[in-house]
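All values below were derived from every heavy atom in this structure, side-chain atoms included, with hydrogens, water molecules and symmetry-related copies excluded. All residue numbers in this chain count up from 1 along the given sequence.
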Amino acid sequence: MISNTKISQVVFWISVVIIFIGFMENINELRYNLMIPLIAIGWVLHFTYSDHKIDSHSTKSFILLSGIVALIALPSLLKIYPHAHNLIRYTYYSFVVGLIVKLFSVYSTFVFLKGDINKLERMLKYVIILNLSMFFLQFIVVFGTGYYIDPLKAITGEPSRYGAQIVLPVIGQIYRCTGFYEEPSTYSGFIAVLLACKLYLNPKVDKIVILCAISIILSFSVAAIGYGSIIILYFLLKSKASYLKYIIFLLSPLAVAIIAGIAIERLNSLGGDAQDIRANLNAMVFAQQLPILIFGNGALGIMPAAADVMNTTGAVFRLGIASFNDNGMWLFFIIKFGFFGLAVIGSYLFVKTKTLLNRIMFFVILLTKLSFLYFGFIFYIFLIFNNKVVLDNDNKNIDND
């Protein structure tokens, strides 16, 4: 008979794989074809070999968040102004069920790990290691040989966008590694979310954390260079005084010059069109009527001109604008739920995250090009909403003191 310890280890690794696959946004529906059997196996093992207990706090969090998801889309469904339902293919059912499936996937891993903060952090560590391993393997091989290892192309047939059209003196051709993702900005965004989750569970800045921050900058996404530098600067300022710290500070002007040079070259290589479509998106959003700016277009709505294109060709670039989350998650919040929605979620997470480090990481997430509908952000929200594990850990630390 298999021992409970071994089954617990199997369930742990199932949880690692579920979260790792869930974060792989670019493989689309394939994720759920892989995740659903794993989740089913996890539940069977949990009920068969564990003490049959389900984390009641996580269950309450899942039910409450599912209710919130159902409620926030109702104004769009009922077309209560200024919210609209102008996306033909995007129904109330698809919005609610899609998010609840993601929530249930996240919730399942919390149940499998029994809300154990150490297991949750260890799970995130292994997910991060898998991502970092691919990123740095790509980085070393492509800069050493010019050959790019592209796992996404092997899975979907679509190549990653790792080219940069930048050649620097001494360094030569610059490549922008993407890990398991389509673009370097997507990689850096998801790594930022994973990093934020890990630091929320444990604020210790270890080697994994440092490598995460370094990889964000080395993705050479212009936005990632910015928020990656913010993270690194915070770590440096908070680190203990040492010779290594002083050496890093002395070399920092050189590092800043190199990174800034790459960022400027990247901006120049994009040409005017790429910058124009981002500016056009901002202009379209902020040209909306005041009630829409305040409360947004709704969960099932977007700007009318963009909706017309989405309902026909699905290609918003025909309007000369970037994708809705291309300028940052903060703008996507405004498009959907206005300044009011951004203020509500911002205030809630500002209060719940408590520490300066966690608040910096939340600010960084808002700067990424991720959507708040992505699995990765759902995991982040569930972790913070269901923060009993963190509070319990804080209480244990107080008791130990």
Contact check, side chains of S108 and I18, non-hydrogen atoms, under 4.5 Å: no
Ring geometry between F340 and F295 (parallel below 30°, tilted from 30 to 60°, perpendicular above 60°): tilted
Polar contact flag, side-chain donor to acceptor under 3.5 angstrom, T91-S94: yes
F375 and F23 aromatic ring geometry - parallel, tilted or perpendicular at 30°/60° bounds: perpendicular
Main-chain N/O of R278 paired to N327 side chain as donor or acceptor, under 3.5 Å: yes
Chi angles and distances behind the side-chain contact (heavy atoms from CB on, under 4.5 Å) call for R176, S219: CA-CA 5 Å; R176 304 185 309 138; S219 71; 6.0 Å; no
Separation between CG of L38 and CD1 of I19, rounded to the nearest 0.5 Å: 11.0 Å
Under 3.5 Å donor-acceptor, Q288 side chain and V285 backbone: yes
Pairwise side-chain contact, F377 with I365, heavy-atom cut-off 4.5 Å (strictly under): yes
CD1-CD1 distance between I231 and I214, expressed to the nearest 0.5 angstrom: 11.5 Å
Evaluation steps, side-chain contact (heavy atoms from CB on, under 4.5 Å), between S215 and F136: CA-CA 8 Å; S215 75; F136 282 110; 3.9 Å; yes
Sub-4.5 Å side-chain heavy-atom contact between F135 and I191: no
4.5 Å side-chain heavy-atom contact, L65 and V69: no
Test side-chain contact (heavy atoms from CB on, under 4.5 Å) applied to I302 and K336, step by step: CA-CA 7 Å; I302 53 175; K336 288 293 188 179; 4.0 Å; yes
Over 12 non-hydrogen atoms of neighbours within 6.0 angstrom of OH in Y93: no
Separation of Y126 OH from N131 CG (nearest 0.5 Å): 15.0 Å
Flag, side chain of S188 to backbone of I216, donor-acceptor distance under 3.5 Å: no
Check: Q138 main-chain N/O paired with Y162 side-chain donor or acceptor under 3.5 Å: no
Y107 and T59: side chain donor to acceptor below 3.5 Å: yes
Side chain N280, main chain D276, donor-acceptor under 3.5 Å: yes
Closest approach of I230 to F363 (non-hydrogen atoms, all atoms of both residues): CD1-CE2, 4.3 Å
side-chain contact (heavy atoms from CB on, under 4.5 Å) evaluation trace for V141 with Y148: CA-CA 7 Å; V141 172; Y148 189 73; over 6 Å; no
Contact summary for M284 and A305, nearest pair of heavy atoms: CE-CB, 4.4 Å
W330 and F286 aromatic ring geometry - parallel, tilted or perpendicular at 30°/60° bounds: parallel
Least distance between heavy atoms, Y32 atom then K102 atom: OH-CE, 3.1 Å
Contact summary for Y90 and A299, nearest pair of heavy atoms: CE2-O, 3.6 Å
Non-hydrogen side-chain atoms of I210 and D206 separated by less than 4.5 Å: no
Under-4.0 Å salt bridge between E183 and K369: yes
Sub-6.0 Å ring centroid separation between Y187 and F180: no
Heavy-atom donor-acceptor pair, N297 side chain to H83 backbone, under 3.5 Å: no
Backbone of Y181 reached by a side-chain donor or acceptor of T178 within 3.5 Å: yes
I321 to L281 - nearest heavy-atom pair and separation: CG2-N, 3.9 Å
Nearest heavy-atom neighbours spanning S58 and F382: O-CZ, 3.6 Å
Side-chain heavy-atom pair H46, I7 within 4.5 angstrom cut-off: no
Within-4.5 Å side-chain heavy-atom neighbours: L113 and M123: yes
Any donor-acceptor pair under 3.5 Å from D150 side chain to S160 backbone: yes
Gap separating the CG atom of N325 from the OG1 atom of T186, nearest 0.5 angstrom: 8.5 Å
Reported CZ-to-CD1 distance for the pair F62 and I54, which is rounded to 0.5 angstrom: 11.0 Å
Aromatic ring pairing F385/Y348, orientation class (parallel under 30°, perpendicular over 60°, tilted between): tilted
F112-F12 aromatic ring centre distance below 6.0 Å: no
From CG (L124) to OG1 (T109), nearest 0.5 Å: 8.5 Å
Main-chain N/O of G22 paired to R31 side chain as donor or acceptor, under 3.5 Å: yes
Worked verdict on E182 versus R161 for salt bridge (Lys or Arg N to Asp or Glu O under 4.0 Å): CA-CA 6 Å; E182 183 182 22; R161 300 173 190 172; 3.4 Å; yes
Pair K153 + E158: basic N to acidic O under 4.0 Å: no
Heavy-atom side-chain contact between F332 and D326 under 4.5 Å: no
Geometric class of the F104/W43 ring pair [parallel <30°, tilted 30-60°, perpendicular >60°]: parallel
No-hydrogen, no-angle side-chain donor-acceptor test under 3.5 Å, S61 and N386: yes
Geometric class of the Y175/F143 ring pair [parallel <30°, tilted 30-60°, perpendicular >60°]: perpendicular
Backbone of I88 reached by a side-chain donor or acceptor of N311 within 3.5 Å: yes
